[in-house]
Amino acid sequence: MEPVFFSGVFGALTIWVTYRNVKQWQNKTLAVMTVVILASSLFFVQEFHLAVPDPYLIFFFTLSLFSFYNHYKTGSTGWLAPFYGGMALGMLSKGPIALVFPGLIISCFLWFRSDFNRNTILKLRPLLGLGLFFLISAPWFYLVHTATDGEWTKGFFLDHNLSRFGSEKEGHGGLFILTPLFVILGMLPFSVFIIQGFQRAWKVRKINDFMLFSFLVSAITILFFSVSSTKLPNYPMPCYPFIGVMIAFYLYQLYHSRTKPKSVLWSLVFLAVVGIVLPIGGYVALEVEQQFLEVRSVGLLLLITTAAGFLALYFYRKDALAKAFWSMAGGWMVMGLCLFGVIYPILTQKSPVSLALEQIPEESTIVAFKRFDSAFPINFKQTFPVFDTVDELNTYLEKYPKTYVITNTRNQEDLDALEQFHLVQEQKALFENHVTRIYTK
C-alpha cells in the first residue's frame, strides 16, 4: 500500500482528535469551525499527501498534548498512556523534538497556571511515563544502532536533529521572520486572522485554560523554529491545529459580538489582494519554467482564490459574517480539490522522477553519482549505491553494464567527466535549482 495513504489516514486522525477535544472543552460550533479552518489550509492539507514523516509527528504531537490537557483537567490516569505513548511514537517518527516540545510546553503551561509544583508533577507519574516512553521507542533505536554500527544513530540524532538547529542545512536557512511567514502562508486563507487569534487567546488566558494552552503550544513552536538555523515550511506544522483553535475562537466570538473591527476588514482586504496575486504569480512561475510552457494555463485555476476573497469581503460588508466565513473556506477547499486533482498531476508528469519512471524499465539496476533527488528511492522502491568518483563508477559499470546512473550534481568537472556515458534523460527539478541527469554505459 502506498505510503501517502497512511499520511492521509494520519491527517484525518489529526483533524478528528482536534475536533473531539475542541468540542469537549469549548463547544461543537467552535470544533466545526476549527476543522473547517484546517481543512481549507492548503499547505497543511498538502503535508498529508506526502510520503514524509511529518504527518505522523503532527498526529502524535497533537494526541500527546491533548491527552495531557485531558489528564490535567480530569485527573484521569487513563490519559497518561496516550500522553507518553504519543511522545514515544512521535520520537520514532521524527526524533527528540517529540519529547522536548511537550516538556517545554507543559512546563510553561503549569507555570502560567501557578501550578508548577511537586504535587502536580507527581500526578503525571513521570517515572512510569518515561518507562513507557523508552519501552516503546528504545528497542527500535537499539536495533537500528546495532545494525548500522552506530552510523544511523549518529546521523539521525547529531546531523538531522541537533545540527539542524545549530547550523543551516542544505541551504534552508533564513531570517527570524521566515518561520512566522511560513505559518501565515501555510494556514491561508484564515491565517489573515492569526494576529487577532493570538491576541484574543492571550486576553482570555486567565479564564480559559484551553485558549492559554493553545496559545503556548503555538507560540513556543513558532519561536523555537524561528531561532533554529535550519528553516523549512513543514517544521512549525505540529502547532497548526492549536492555531486553528485560536482563530476559530476569535471568529466565533466576533460573530456573537456583532461588532465590525477595522482589523477584520483589513484582513479580508489582504486576502483579496492575495487572491489577485496568486493566479498572476502562478501563471508567471509556470511560464518561467520551460517544461511548463504548454500547461501554464492551469495556473488560471488559482482565480478560485480570487473569487473566494472578494466574496468574503462582500459578505462581510453586508454584515453576513457566516457567509464570509463559508466563502473563504469553500473557495479554498475547492481550490484544494483542483490543486490535488488537476494541477499537481499535470505538473508532476513533468518532474524528473515521473519521466524517469517512463524511461527506466522495472527491476533495473540503478546507482547514484555524488547526489540525487530524494524522490527517486521512494518511487523506484529501492535504495541506490552512491559513488563519489568517476573511476569507482567506471569499475562498477564494467561489471554491470546495463546499470542506470542518476545524478543532480552541479559540479561542472563532474558533468564533463560523465560525458563519456550515454545521456538518457536531462530534466530540471520542479521549481528547484538542480537538474537530474540519467546515464547508461
With side-chain hydrogen bond (donor to acceptor under 3.5 Å, both in side chains) as the rule and sequence neighbours excluded, what pairs involving residues 326-346 come up? Q46-Y344

Between the side chains of W25 and N70, is a donor N or O closer than 3.5 angstrom to an acceptor N or O? yes

Q253-R200 side chain donor-acceptor pair, cut-off 3.5 Å: yes

Any Lys/Arg nitrogen of K94 or D54 sitting under 4.0 Å from an Asp/Glu carboxylate oxygen of the other? yes

Taking C-beta and beyond as the side chain, do [X] and [Y] meet within less than 4.5 Å on heavy atoms?
X    : Y    : answer
M187 : L38  : yes
S7   : L50  : no
M211 : Q26  : yes
Y439 : Y404 : no
F66  : P82  : no
S40  : M328 : no
I220 : C108 : yes
F372 : T436 : no

With V217, which of I105, L212, I222 fulfils side-chain contact (heavy atoms from CB on, under 4.5 Å)? I105

Determine, using ring centers only, whether [Y] and [X] are less than 6.0 Å apart.
X   : Y    : result
F60 : F10  : yes
F43 : F182 : no
Y84 : F133 : no

With side chain to side chain contact (heavy atoms under 4.5 Å, CB included) as the test, would you mind laying out the steps for L216 and R205 before giving the verdict? CA-CA 10 Å; L216 292 174; R205 69 189 185 280; over 6 Å; no

Where the side chain of S267 meets the backbone of V192, is there a donor-acceptor pair that is under 3.5 Å apart? yes

K73, NZ atom: more than 12 neighbouring heavy atoms under 6.0 Å: yes

Among F242, F249, F215, which residue satisfies the ring-ring contact (aromatic ring centres under 6.0 Å, His included) criterion with F198? F215

Working note: F109 + Y69, criterion side chain to side chain contact (heavy atoms under 4.5 Å, CB included); need CA distance, chi angles, decisive distance, verdict. CA-CA 10 Å; F109 175 72; Y69 188 84; 4.1 Å; yes

Which atom names give the shortest non-hydrogen contact between L42 and G336, and what distance separates them? CD2-CA, 3.4 Å

Passing option when R371 is tested against N408, T409, D388, D414 for side-chain hydrogen bond (donor to acceptor under 3.5 Å, both in side chains): N408

Can you name the residues that form a side chain to side chain donor-acceptor pair (under 3.5 Å) with H49, not counting sequence neighbours? none

